[in-house]
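The next block holds one structure in the form of structure tokens; read it before the comments.
Whatever order the structure lists them in is the order used to number ligands and atoms, beginning at 1. Quick note: numbers below take in every heavy atom, side chains included, and nothing from hydrogens, waters or symmetry partners. The structure presented is a predicted model; accordingly, all values stated were derived computationally and were not measured.
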Amino acid sequence: ARVRVMELDEQPSVTFEQVGGLKEEIEEVREAVEYPLTKPEIYERVGVEPPKGILLYGPPGTGKTLIAKAVARQSQARFIRMSGSELVHKYIGEGAQLVRELFILARERAPAIVFIDEIDAIGSMRTNDGTSGSAEVQRTLMQLLAEMDGFDNRGDVKIVAATNRIDILDRALLRPGRFDRMIEIPLPDHQGRLAILKIHTQHMNIGEDVNLAEVSRLTEGKNGADLRAICMEAGMFAIRMERDTVNSDDFMKAIDKLSVDFDRHHFHTT
Ligand code: ATP
């Protein structure tokens, strides 16, 4: 069971070229995570301590996981992933121990990047709703803070955490020496969507009538995961019509279909 909660990906295959837009955000991540691992002398020369960890925050499906994997690859570091929500919901009573094991594993496999997805699940502000398990969650968080406080800024383990809910995050996590570097990963703008659409159509047989800039304009508010789904869906329409080229009409139908699904989903959940 333990193996599942900690996913060890020796060398992720994701490169920064597969991340659309987010150029400045990627540069910030590289400065904070990659350069301390690959060119520590830059930091030494200037005499500043590199951060131990960074926090990527922003709406779901915008590329936080992709960036974490790509920076691990670029740094030639191992990528070890742990999901905050799985830790809380699937491994009740084991959270603190698993966090301890996570850092033992990271030190053994260093250089390593520990990616903690949905950190808000273990690191949200104490609530007064008396939910059972909250003392356990608190213990898990304490263990994480102790681990972070215990390791060296100049070491070869870095932590990347991600959350969609920075608003509920326990301020203890954001103190100096912990996740004191916060990088927002926002929804893509027009140029960002265009870059993402290009990435997800690069291996597709696209007709000459397809205008990706137009697709981008029609998908305002969509995230990278939605755009990927639209490209795949457009491909499905072409397959259904027994064509080997994906045309503009396929994209329009895919946008309509996914917008309807999206609205329906929101109607049911709100
Ligand atoms: P969550 O908060 O829901 O975990 P996330 O921000 O970590 O989301 P990812 O898991 O990185 O999002 O994105 C999901 C998928 O959506 C990616 O595997 C990729 O296919 C696509 N995607 C998202 N953002 C981008 C992007 N900026 N460029 C290219 N593809 C993207």
Side-chain angles (χ1 to χ4, degrees), residues 5-7 9 11-30 33 53-74 79-90 113-124 159-169 173 179 182-204 206 212-213 215-216 219-236 251 254-255 258-259 261-262 265-266 269:
V5 71
M6 286 186 250
E7 185 191 312
D9 188 346
Q11 266 296 283
S13 58
V14 179
T15 64
F16 285 122
E17 284 73 62
Q18 284 164 261
V19 184
L22 303 172
K23 291 286 166 259
E24 283 165 29
E25 291 83 355
I26 287 171
E27 194 45 42
E28 265 193 75
V29 171
R30 296 185 68 183
V33 179
I54 60 168
L55 178 71
L56 304 178
Y57 69 96
T62 47
K64 296 183 284 300
T65 306
L66 280 184
I67 291 174
K69 285 187 172 173
V71 78
R73 181 195 166 99
Q74 188 78 26
F79 181 77
I80 307 171
R81 175 182 193 162
M82 183 177 262
S83 152
S85 65
E86 277 190 28
L87 202 61
V88 167
H89 299 297
K90 290 206 340 222
I113 287 170
V114 173
F115 179 58
I116 307 176
D117 204 357
E118 296 180 77
I119 194 169
D120 46 279
I122 48 171
S124 63
I159 317 174
V160 177
T163 183
N164 308 321
R165 295 297 313 273
I166 195 166
D167 56 314
I168 59 164
L169 222 54
L173 277 166
F179 296 103
M182 289 172 264
I183 301 171
E184 183 178 7
I185 308 297
L187 277 177
D189 60 9
H190 171 68
Q191 287 306 327
R193 289 194 302 279
L194 185 55
I196 295 168
L197 288 165
K198 283 182 182 159
I199 289 167
H200 290 288
T201 53
Q202 67 185 343
H203 300 299
M204 284 171 62
I206 295 291
L212 290 180
V215 175
S216 165
T219 49
E220 196 172 345
K222 298 276 185 275
N223 63 24
D226 298 331
L227 295 170
R228 172 173 180 260
I230 285 170
C231 295
M232 283 172 60
E233 200 58 47
M236 292 309 296
F251 274 93
I255 294 168
L258 284 150
S259 301
D261 288 350
F262 183 78
H265 178 72
H266 275 253
T269 50

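A side chain to side chain contact (heavy atoms under 4.5 Å, CB included) with Lys64 is found for exactly one of Asn164, Leu55, Val29, namely Asn164. Just one residue in the list Gln202, Met204, His203 forms a side chain to side chain contact (heavy atoms under 4.5 Å, CB included) with Cys231, and that residue is Met204.
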Problem set entry | Stepwise side-chain contact (heavy atoms from CB on, under 4.5 Å) check, Thr65 with Arg81 | CA-CA 10 Å; Thr65 306; Arg81 175 182 193 162; 3.7 Å; yes

Problem set entry | Derivation and outcome, side-chain contact (heavy atoms from CB on, under 4.5 Å), residues Gln191 and Ser216 | CA-CA 8 Å; Gln191 287 306 327; Ser216 165; over 6 Å; no

Problem set entry | Worked verdict on Ile67 versus Leu22 for side-chain contact (heavy atoms from CB on, under 4.5 Å) | CA-CA 9 Å; Ile67 291 174; Leu22 303 172; 3.9 Å; yes

Exercise. Given Met82 and Leu87, is the side-chain contact (heavy atoms from CB on, under 4.5 Å) satisfied, shown in steps?
Worked result: CA-CA 8 Å; Met82 183 177 262; Leu87 202 61; 3.9 Å; yes

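Between the Arg193 side chain and the Pro188 main chain, a donor and an acceptor come within less than 3.5 Å of each other.
Among all non-hydrogen protein atoms, the one lying nearest atom 22 (N) of ligand 1 is Gly224 C, 3.6 Å. Of all protein heavy atoms, the one closest to atom 29 (C) of ligand 1 is Gln18 O, 3.4 Å. Protein heavy atom in closest approach to atom 28 (N) of ligand 1: Gly20 N, 2.8 Å. Scanning the protein heavy atoms around atom 14 (C) of ligand 1, the nearest turns out to be Ala225 CB, 4.1 Å. Among all non-hydrogen protein atoms, the one lying nearest atom 7 (O) of ligand 1 is Thr65 OG1, 2.6 Å. Of the protein's non-hydrogen atoms, Arg228 CD, 2.8 Å is the one closest to atom 20 (O) of ligand 1.
In summary, the atoms of ligand 1 found under 4.0 Å from a heavy atom of Val19, numbered by their order in the structure, are 27 (N), 28 (N). Taking a cut-off of under 4.0 Å to the non-hydrogen atoms of Asn164, the atoms of ligand 1 that pass are 2 (O).
Between Thr201 and Phe251, the shortest heavy-atom contact is CG2-CZ, 3.9 Å.
Counting heavy atoms under 4.0 Å from ligand 1, residue His200 touches it through the side chain alone. In Ile67, neither the side chain nor the backbone holds a heavy atom less than 4.0 Å from any atom of ligand 1. At a heavy-atom distance under 4.0 Å, atoms from both the backbone and the side chain of Lys64 approach ligand 1.
Evaluated by nearest non-hydrogen atom to atom 9 (P) of ligand 1, the leading choice among Gly63, Pro188, Ala195, Pro60 is Gly63.
Residue-to-ligand polar distances place Leu66 within reach of ligand 1: an N/O pair is separated by less than 3.5 Å.
Counting non-hydrogen atoms of neighbouring residues, nucleotides and ligands closer than 6.0 angstrom, the CD atom of Glu27 exceeds 12 such neighbours.
In this structure, Gly61 has a heavy atom closer than 4.0 Å to ligand 1.
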